[in-house]
Number of protein chains: 2
Amino acid sequence: MTSAPQAGPEGTPALGEAAATGTGGAPAARAVPEATVARLAVYLRMLGELAEQGTDTVSSDELAAVCGVNSAKLRKDLSYVGSHGIRGVGYEVGPLLHHLESTLGLTHRQSVALVGIGNLGHALAGYGGFGGRGFPVTALFDVDPDLVGIKINGILVDHVRDIPHVCRERDVTIGMIATPAPAAQGACDLLVRAGVSCILNFAPVVLQVPEQVEVRKVDLAVELQILSFHVARRHLAEREGLDAVNGHAVVRS
Amino acid sequence: MTSAPQAGPEGTPALGEAAATGTGGAPAARAVPEATVARLAVYLRMLGELAEQGTDTVSSDELAAVCGVNSAKLRKDLSYVGSHGIRGVGYEVGPLLHHLESTLGLTHRQSVALVGIGNLGHALAGYGGFGGRGFPVTALFDVDPDLVGIKINGILVDHVRDIPHVCRERDVTIGMIATPAPAAQGACDLLVRAGVSCILNFAPVVLQVPEQVEVRKVDLAVELQILSFHVARRHLAEREGLDAVNGHAVVRS
DNA sequence: CGGTGTGAAATAATTCACAGCT
DNA sequence: AGCTGTGAATTATTTCACACCG
């Protein structure tokens, strides 16, 4: 009956301070805000594209523009991880890219397990490399006897009951749950038992986990409902007043 | 060359005030925080489950528990939409459920278009009803000649070039983009031209849209990288100090 | 009582604006 | 001259705590 922190759209409170002791501790990057972490991943991707194009320096303004954030935020985000831009010039693409990769823990390949090979799970299994930089899916699980034993993308589907065994063996660090709702908590428990401490949950349930486990939720229905809210609000605003969004008149295309 | 607001994990600034006029205007719910909207959708789902079980009242404590939030937050969230709980008792499941549905604009069925019938798109197309309450996918688009013309789940796949025509005809209000990255902006532009003002983007790009269009992003790679960061942090904390998360010693199961 | 609704306090995230480096 | 790094101000969100009501 632990309370579930769960981090979906919203962030977890923050990141714990390293230690209360005033003396010890590393000089390591401290307390990177959760919101910042999410954006670092975006910066990283764009830096990758710039690198491919052969660009070797960017200003915060330029990088911010392609990432869709404002430059002050970008600079502050980078400052949390102790960035090393060059004043008057900008950031060196290569080194910054490397630094962010390291900050995000992408230097060691993370092994991913996927539980639930239904509609969505199948797509996730075949996603191949997850947009380039590698999160190899190394284990697949389901309960359906028709699925257990087949191979998808070269990976054998094991029975859910083997999660603890197989995950430990393949050193899985991240678990993805794409089961139907009723099966999700069970899958989660098995992953936790296997020592997996980071979980990406696609099932529409709130998972109960011990506090050392980090859960992020991707909930398609919720995303659509949020958009639906905006559709409704727009209609409402359109109907009565004139100015709707941000005090500006709605423009017809 | 508009700056892109884009709302992924993080929220958009807020919701605009309805009107500056002190007098007129409806008694309508004003300025619901974005973070709250996301949670309303979760409350709604859980209320649905409670209703199915035949429960007809819940306290904020109980509902909060199953939704994985704390009860103060839940009460405040509901207060933004002018909730009508009964002091000393709790909330009536049925009426509250209905009220939230209406707030989220779920009373009018929203018609959804999906662009990009690849790996992920295929799964989304076949998702069927999106977790129950209806966001019927009524239009599918791709550029691949092998896909255009086939039916998935009873819906014909049209060519991307027909987006404006078909979307207007079928009164699409929400667009989902599941194309490869390079094609995403083009798909987006076509949807916008078709009058679609809410977009759910699965492609790993930052879409440029006019400001009246609401974009939400679901980025699998980013989600994994966020988790990866936590894996890395955990390792780091484990290696040196003892206390890692929230100042508590890491407990071995 | 028991539980909601909500001001006020605390915390987190964003933006401003400018000193300081190259 | 240009652009980073960052304190300080602002804004958003969460939590507290308690008056008030059924």
Side-chain angles (χ1 to χ4, degrees), chain A residues 3-17 29-40 42-43 56-65 67-93 95-96 99 246-247, chain B residues 3 5-17 29-40 42-43 56-65 67-93 95-96 99 246:
Chain A
S3 80
Q6 215 92 161
E10 299 343 291
T12 32
L15 299 181
E17 284 294 321
R30 68 163 170 294
V32 182
E34 183 72 11
T36 291
V37 176
R39 286 188 300 261
L40 291 179
V42 175
Y43 304 155
D56 41 44
T57 63
V58 255
S59 67
S60 61
D61 271 336
E62 293 161 346
L63 184 54
C67 294
V69 301
N70 85 22
S71 65
K73 182 147 61 181
L74 182 142
R75 289 201 301 278
K76 178 141 291 215
D77 283 343
L78 292 181
S79 84
Y80 284 121
V81 298
S83 89
H84 291 113
I86 305 160
R87 291 176 193 233
V89 179
Y91 301 89
E92 293 187 78
V93 173
L96 182 53
H99 182 59
N246 288 327
Chain B
S3 79
Q6 217 90 162
E10 301 338 295
T12 31
L15 298 181
E17 285 293 322
R30 66 156 171 297
V32 183
E34 183 72 11
T36 292
V37 176
R39 286 187 300 262
L40 291 179
V42 176
Y43 304 156
D56 41 43
T57 65
V58 254
S59 68
S60 62
D61 271 336
E62 293 161 346
L63 183 53
C67 294
V69 301
N70 85 23
S71 65
K73 182 147 58 183
L74 182 141
R75 287 200 303 278
K76 179 142 289 216
D77 284 341
L78 292 182
S79 83
Y80 284 121
V81 298
S83 88
H84 291 111
I86 305 159
R87 294 181 191 229
V89 179
Y91 300 88
E92 293 186 78
V93 172
L96 182 52
H99 183 59
N246 288 326

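Sequence lines set the chain letters: A, B, ... in the order given, protein chains first and strands last, and positions in each chain run from 1.
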Atom NZ of B:K73 and atom CZ of B:R39: how far apart are they, to the nearest 0.5 Å?
4.5 Å

Side-chain atoms of A:N70 come closest, of C:dT6, D:dT15, C:dT15, to C:dT15

Let me know, please, whether B:S59 or A:D77 comes out on the 5' side of the other along DNA chain C by nearest nucleotide.
B:S59

Using heavy-atom distances to pick each residue's nearest nucleotide on DNA chain D, tell me which of A:S79 and A:V89 is more 5'.
A:V89

Quick check for you: to the nearest 0.5 Å, what is the distance between A:L63 atom CG and A:S60 atom OG?
8.0 Å

Are any of the side-chain heavy atoms of B:Y43 and B:L96 separated by less than 4.5 Å?
no

Atom NZ of B:K73 and atom C1' of C:dA12: how far apart are they, to the nearest Å?
12 Å

A:R39 CZ to C:dT15 C1', straight-line distance once rounded to whole Å:
12 Å

Any B:S60 side-chain N or O less than 4.0 Å from OP1/OP2 of C:dG3:
no

Taken to the nearest whole Å, NZ/B:K76 to P/D:dC16 is 13 Å

Whole angstrom value for the distance that separates C1' of D:dG5 from CG of A:L78:
10 Å

Would you indicate whether the side-chain heavy atoms of B:E62 and B:Y91 approach each other to under 4.5 Å?
no

Could you tell me how far apart A:I86 (CD1) and D:dC3 (C1') are, to the nearest whole angstrom?
11 Å

Working to the nearest 0.5 Å, report the span between CG of B:L78 and OG1 of B:T36.
9.0 Å

Whole angstrom value for the distance that separates P of C:dG5 from NE2 of B:H84:
8 Å

In degrees, rounded to 10°, what is the bend between the two ends of the helix from C:dC1-D:dG22 to C:dT22-D:dA1, using five pairs at each?
10°

Roughly how many Å is it from CZ in A:R75 to P in D:dG2, rounded to a whole number?
15 Å

Heavy-atom pair with the smallest gap, counting every atom of B:D77 and B:L40
O-CD2, 4.4 Å

Report yes if at least one side-chain N or O of B:Y91 is closer than 4.0 Å to OP1 or OP2 of C:dG5; otherwise report no.
yes

With a 3.5 Å cut-off and heavy atoms only, can you find an N or O donor on one side and an acceptor on the other between the side chain of B:R87 and the base of C:dT4?
yes

Hey, what do you get for CG (A:N70) to CZ (A:R75), rounding to the nearest 0.5 Å?
8.5 Å

Tell me the interatomic distance from B:E92, atom CD, to D:dG22, atom P, rounded to whole angstroms.
14 Å

